[in-house]
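Just so you know, these numbers come straight off a predicted model, no measurement behind them.
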Amino acid sequence: ERNQADVSEAKAGRTDLIFLIRFRHCCLLRNQRCLLAYLYDRLLRIRALRWEYGSVLPNTIQFHMSAEEAEWFNRYKKSLATYMRSVGGEEGLDLTQDIKPPKSLYIEVRCLRDHGEFEVEDGTTILLKKNSQHFLPRWKCEQLIRQGVLEHVLS
């Protein structure tokens, strides 16, 4: 506002204000660039959260997001789900399943907290209780590992 008032005065003939006006304008542009860089970095971090935590974010993370950021996350989540359904044939392809290429199809996991029953592809159900260890297909338990229910036991 002060800059606009000084511009009006400069147009009226006060040329000594021109350098002050330019300086303020450069400061405003710099602040705008810093703000945009900050917002873009938050956007990249929110996008990375979708790949790390899946389609449902923990409450502690959602608490620190603005309404616009939560809306952007939901739109990105839907867009990614639409794309994954469109590739990979009839069932689609879950790109978030294997973040790193697996070395084996089955892994040994330890349950960190009570989770309840867990169904394996052959129809058997396993009770996931705290501190129990199981040998499960990687693709079935990868999401639970990311959510903190299971941990991969390395021999």
Peer 1: Can L105 and R138 be said to form a side-chain contact (heavy atoms from CB on, under 4.5 Å), step by step?
Peer 2: CA-CA 6 Å; L105 296 178; R138 174 183 294 273; 6.0 Å; no

Peer 1: Quick one, T60 and H64 - any side-chain contact, counting heavy atoms below 4.5 Å?
Peer 2: no

Peer 1: Grab the two heavy atoms, one from H134 and one from S132, that are nearest each other, plus how far apart they are.
Peer 2: NE2-OG, 3.0 Å

Peer 1: Could you tell me whether the side chain of L150 reaches within less than 4.5 Å of the side chain of L128, counting heavy atoms only?
Peer 2: yes

Peer 1: What do the steps show when you test R42 against E69 for salt bridge (Lys or Arg N to Asp or Glu O under 4.0 Å), and what is the final call?
Peer 2: CA-CA 9 Å; R42 279 189 68 92; E69 290 171 336; 2.5 Å; yes

Peer 1: Can you tell me how far CD of E151 sits from SG of C141, rounded to the nearest 0.5 angstrom?
Peer 2: 12.0 Å

Peer 1: Return yes when atom NE2 of H152 has more than 12 non-hydrogen atoms of other residues, nucleotides or ligands closer than 6.0 Å, and no otherwise.
Peer 2: yes

Peer 1: Give a yes or no answer on whether the side chain of S79 reaches the backbone of Y76 with a donor-acceptor pair at less than 3.5 Å.
Peer 2: no

Peer 1: Quick one: do I107 and F118 end up in the same hydrophobic cluster if we chain Ile, Leu, Val, Met, Phe, Trp and Tyr together by side-chain heavy atoms under 4.5 Å apart?
Peer 2: yes

Peer 1: Are V149 and R113 close enough that some pair of their side-chain heavy atoms sits under 4.5 Å apart?
Peer 2: yes

Peer 1: Taking a hydrophobic cluster as the set of Ile, Leu, Val, Met, Phe, Trp and Tyr residues connected by side-chain heavy atoms closer than 4.5 Å, whether directly or through intermediates, do I145 and V120 fall within one such cluster?
Peer 2: yes

Peer 1: Give a yes or no on whether the backbone of H115 and the side-chain of K129 come within a donor-acceptor separation of less than 3.5 Å.
Peer 2: no

Peer 1: Is there a side-chain contact between Q147 and L144, using heavy atoms and a 4.5 Å cut-off?
Peer 2: yes

Peer 1: What distance do E71 atom CD and M65 atom CE have between them, rounded to the nearest 0.5 Å?
Peer 2: 10.5 Å

Peer 1: Identify whether I46 and Y83 are in the same connected component of the hydrophobic contact network (ILVMFWY, side-chain heavy atoms under 4.5 Å).
Peer 2: yes

Peer 1: If you measure from OG1 on T82 to NZ on K77, what distance do you get to the nearest 0.5 Å?
Peer 2: 11.5 Å

Peer 1: If you round to the nearest 0.5 Å, how far is CG of L127 from CD of E117?
Peer 2: 6.5 Å

Peer 1: Restricting to side-chain hydrogen bond (donor to acceptor under 3.5 Å, both in side chains), what partner residues turn up for R22, sequence neighbours left out?
Peer 2: none

Peer 1: Between the side chains of D6 and R14, is the shortest nitrogen-to-carboxylate-oxygen separation below 4.0 Å, so that they form an ion pair?
Peer 2: no

Peer 1: Find the distance between CG (L17) and NZ (K11) and round it off to the nearest 0.5 Å.
Peer 2: 13.5 Å

Peer 1: Less than 4.5 Å apart, side chain to side chain, heavy atoms only: is that true for L80 and R50?
Peer 2: yes

Peer 1: Please lay out, stage by stage, how L36 and R33 fare under the test side-chain contact (heavy atoms from CB on, under 4.5 Å).
Peer 2: CA-CA 5 Å; L36 288 173; R33 283 192 312 269; 5.9 Å; no

Peer 1: Let me confirm one number: the CG-CZ distance from N3 to R24, rounded to the nearest 0.5 Å.
Peer 2: 5.0 Å

Peer 1: Would W51 end up clustered with L49 when hydrophobic side chains under 4.5 Å apart are linked, directly or stepwise?
Peer 2: yes

Peer 1: Please name the pair of heavy atoms, one in L112 and one in G148, separated by the smallest distance, quoted to 0.1 Å.
Peer 2: CD1-O, 3.5 Å

Peer 1: Counting only heavy atoms from other residues, nucleotides and ligands, does the tally under 6.0 Å from CZ of R30 exceed 12?
Peer 2: no

Peer 1: With a 4.5 Å cut-off on side-chain heavy atoms, are V153 and V109 touching?
Peer 2: no

Peer 1: Do R47 and W72 come within less than 4.5 Å of each other through their side chains, counting heavy atoms only?
Peer 2: yes

Peer 1: May I have the step-by-step check of side-chain contact (heavy atoms from CB on, under 4.5 Å) for Y106 and L136, ending in yes or no?
Peer 2: CA-CA 5 Å; Y106 286 84; L136 298 172; 5.6 Å; no

Peer 1: Work out which heavy atom in F73 is nearest to a heavy atom in S55; give both atom names and the distance.
Peer 2: CE2-O, 3.7 Å

